[in-house]
Amino acid sequence: MIVELINTGSELMLGRVLNTHQQWLCRQLADLDCVVSRQTAVADTAKEIEQAVRESLTRADLVITTGGLGPTSDDLTRTAIARMLGKEMKEDAVVLAQIQKYFAQRNRPMPERTREEALVPEGALVLPNPNGTAPGLAVEVRPDQSRSGNNVGWLIMLPGPPRELRPIFANHVVPLVKRLFPSKEPFICRTFRTAGLGESVVQQKIEHPLRSLVEAGLELGYCARPGQVDVRLVSRGINAEKLTAEATVILRAQLGADIYGQEDETIEAVIVRLLTARRQTLALAESCTGGCIAHRLTNVPGASAVLFGSFVTYSDEMKRKLLGVRAETLALHGAVSEEVAREMAEDARRVTESDYAISVTGIAGPDGGTPEKPVGTVFIALASLRETRVSKMFNPWDRLTFKEVTTQQALNQLRLRLESLL
Ligand code: ATP
């Protein structure tokens, strides 16, 4: 099966919006064994969209477009495609009712132009959009307009905003693709998420033990991100289950506690789950991460049951006033030191009466480094009733990567600690 993706939007061509659909959709489709063979981005003019779709249909069984389903003058995808395929557009009463309900629930009048979003090309399947007004659409393409001239093709149109596109894809496109293009052979794709190891170390640990399975057909892939490496296992055919099961045992044996989750699980979700199960609580004292650790944890539903709060104490004064870090400690060792990290964590734990507290203090750069404490130096402390452990890290990256990596390391230390107590 050949799949092509067309992202529409002049904002993509102008570099105003990062084309995250491209990455997200390719990943989701690859996990369904539908690897995208070509990606195109075009400006939102009818001519560009028509041309891109027409060309893609000569090559692909399934073409997915994103963007341009809204009510504004630059939203032309639906009409351009319907015209190209020679399909009439008809107002769909159910879609119109959903749009009216969307506005009524928000106590807002429905702009007249929004009615256009209820126009559906004849014969199209409507893919409901509970997070917006324009639904996704799936249209069957006649054999003479599609790839081989023999098989029908499918064209799926999805709206631009990610918070609308992603649920439509997960809830409607995935089942539709599975139904329209059933896999000819078993296919299993698993992603294991690791933290704390570099990509080459991960590779070194697993490559040799997995070699015979790779020779038997297992595909092995790596994806490195700040502070984490994902390992992807893909197997096909009648041995897929067996290969995956054997590879999983080897991965777990080789990587052990460095694996923090599977598929889309995040380290912060693991922490919230573990703390909730143990009925324990957490506080944070962040300096150089500026609240990133709290941000990540508060993205997890249910975080309020375990996270008491976060002190973002960037200056020495705030470290003293809010947390109670001693002036002598700051003067003697400096704000970026093992001693200050220790006091920050212990003070945060004491002030909030939480079970655990994490603190971070470091030099993000580009200025402020010294020969003893160069840019990238970070101290992370984890305080509990039993003890306080401080680790020194070195993350000499740009400021944002520094914050991301440090946040990941701090979360990982707590995760390892909680898992060791299981
Ligand atoms: P709307 O009803 O919001 O107009 P639409 O289906 O017409 O939806 P667009 O107008 O093309 O979609 O895009 C709406 C917004 O969605 C863009 O401003 C942008 O923020 C986001 N968006 C569009 N395409 C992409 C993309 N490829 N990657 C990431 N975000 C995107």
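In listed order, ligands and their atoms are each counted from 1. Predicted model, so just to flag it, every value in this text is computed and none were measured.
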Does NZ or CZ of Arg106 come closer than 6.0 Å to the centre of the six-membered ring of Tyr102, within 45° of the ring's axis?
yes

Ligand 1 atoms nearer than 4.0 angstrom to some heavy atom of Leu18 are 28 (N), 29 (C)

Fill in: Donor-acceptor pair between Ser235 and Thr244 side chains, under 3.5 angstrom
yes

Worksheet entry | Short side-chain donor-acceptor distance under 3.5 Å, Thr194 and Asp258 | no

Atoms of ligand 1 under 4.0 Å from any heavy atom of Glu11, numbered from 1 in the order shown, are 11 (O), 13 (O), 17 (C), 18 (O), 23 (C)

Aromatic contact, Phe169 with Trp24 (centres under 6.0 Å) | yes

Heavy-atom closest pair (Cys292 atom, Lys403 atom, distance to 0.1 Å) is SG-CE, 3.8 Å

Heavy-atom closest pair (Thr266 atom, Tyr260 atom, distance to 0.1 Å) is C-CE1, 3.6 Å

of all protein heavy atoms, closest to atom 26 (C) of ligand 1 is His21 CD2, 3.2 Å

Partner of Glu265 under salt bridge (charged side-chain N to carboxylate O under 4.0 Å, His left out), picked from Arg415, Arg193, Arg273, is Arg273

Numbered in order shown, the ligand 1 atoms found under 4.0 Å of a heavy atom of Gly70 are 1 (P), 2 (O), 4 (O), 5 (P), 6 (O), 7 (O)

Before signing off on this row, confirm whether Thr20 and ligand 1 have an N or O atom pair separated by under 3.5 Å. yes

Worksheet item: Heavy-atom distance under 4.5 Å between the side chains of Thr40 and Leu5, does that happen here?
Response: no

for atom 20 (O) of ligand 1, nearest protein heavy atom and its distance come out as Val17 CG2, 4.1 Å

Near Gly67 (heavy-atom distance under 4.0 Å), the atoms of ligand 1 are 6 (O), 11 (O), 12 (O)

Here the pair of heavy atoms bringing Ala134 nearest to Pro159 is O-CG, 3.9 Å

task: Looking only at distances, please establish whether an N/O atom of ligand 1 is found under 3.5 Å from an N/O atom of Pro162.
output: no

Atom 8 (O) of ligand 1 has as its nearest protein heavy atom Pro161 CD, 3.4 Å

Backbone or side-chain N or O of Asn19 under 3.5 Å from ligand 1 N or O: yes

min-distance protein heavy atom vs atom 4 (O) of ligand 1 -> Asp75 OD2, 3.2 Å

message: Would Gly160 count as a polar contact of ligand 1, with the cut-off being nitrogen or oxygen pairs under 3.5 Å?
response: yes

Atom 9 (P) of ligand 1 sits nearest the protein heavy atom Gly68 N, 3.8 Å

Margin query: Looking only at distances, can you tell me whether any N or O atom of Pro159, backbone or side chain, sits closer than 3.5 Å to an N or O atom of ligand 1?
Written below: no

Taking C-beta and beyond as the side chain, do Arg83 and Met89 meet within less than 4.5 Å on heavy atoms? no

Any heavy atom of Leu12 under 4.0 Å from ligand 1? The part involved is side chain

